Amino acid sequence: MASTSATLPSATTAPTTGPPLPPNSTRLPQTAQLDALLTIIRDKGTSRSDFIFYSDRIIRLLVEEGLNHLPTLEKTVQTPTGLPYKGVSFEGRICGVSILRAGEAMESGLRECCRSVRIGKILIQRDEETAKPKLFYAKLPEDISQRWVLLLDPMLATGGSVMQAIDVLLQQGVPQDRILFLNLVASPEGLQAVYKKFPQVRVICGWVDDGLDENNYIVPGLGDFGDRYWSS
Ligand code: URA
């Protein structure tokens, strides 16, 4: 049976600060709320519908944080009171790119925040002969080199798939520093690998876990995200 002990939370409670991150990476604020959401999806007894519901909540937090990293321009509008308001507007266009199949789970969270956003897809699978990640399919907006790209994959384990996906984006002319990679749970190994190869790609994680097991699953992790989200 799961163990519980009550603590009085505050909005800024940080249950753990976690390990230091590479300079290109940030974590969501490590609040008790986020920890509670992650605890639900980590629990192997959580039903599929709860897994989807609470993953979607974390995805929404990640997308909102990702949007904080986009540049803005000063913009002044007239309010109904007749006075001007000096605010800002987003500087450039964006698109999402999901790494199939698990990354598709993050598309609706992006659509909820960004109306009519263009979303591309990349399928990378393990090549049975080389045991390395191999590109099987990519469908991307034709003007992707002019956009900021929110790259979506819930789990950053070894980094093999996402690094292959970043290579595809670079080949399409997207500069590294216009790529923001959003994930729910990352391993320190994956973060280091991405930083070493692509130091200008920004990585935004929900949580950073302890490491990888012998099967390259994140530990303590939450198991196979795609299976738990998509398979009934
Ligand atoms: N992908 C997952 O779904 N889970 C992991 O732990 C690692 C990769």
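Basis for what follows: all heavy atoms, side chains included, without hydrogens, waters or symmetry-related copies. Whatever order the structure lists them in is the order used to number ligands and atoms, beginning at 1. Each residue takes its place number in the sequence, starting with 1. Keep in mind it's a predicted model, so treat the numbers as computed, not measured.
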(request) Pull out every atom of ligand 1 sitting under 4.0 Å from any heavy atom of A157, numbered as shown with elements. (result)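 Listed by number with element, the hits are 7 (C), 8 (C).
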(request) Using a strict cut-off of 4.0 Å, indicate which atoms of ligand 1 neighbour a heavy atom of G223. (result)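 In order of number, 2 (C), 3 (O), 4 (N), 5 (C), 6 (O).
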(message) Minimum heavy-atom separation for P133 and Q164, please, with both atom names.
(response)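 Heavy atoms only, the tightest pair is O-OE1, 2.6 Å.
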(request) Kindly confirm or rule out a cation-pi arrangement of K134 over F136, judged by NZ or CZ under 6.0 Å from the six-membered ring centre and within 45° of its axis? (result)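 Because its charged atom sits under 6.0 Å from the ring centre and within 45° of the axis, K134 does stack over F136.
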(message) Are the side chains of K121 and L140 in contact, using a 4.5 Å heavy-atom criterion?
(response)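 Contact flag for L140/K121 side chains = no.
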Any idea which protein heavy atom is nearest [atom], and the distance to it?
{"atom": "atom 6 (O) of ligand 1", "value": "I218 N, 2.8 Å"}
{"atom": "atom 3 (O) of ligand 1", "value": "F225 N, 2.7 Å"}
{"atom": "atom 1 (N) of ligand 1", "value": "M155 CB, 3.8 Å"}

(request) Establish, from distance only, whether the side-chain atoms of D143 and Q146 form a donor-acceptor pair under 3.5 Å. (result)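 On atom types as modelled, these side chains do not qualify, holding no pair under 3.5 Å.
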(request) For this output row, return yes or no: ring centroids of F51 and F225 closer than 6.0 angstrom. (result)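 Yes: the rings meet the under 6.0 Å criterion.
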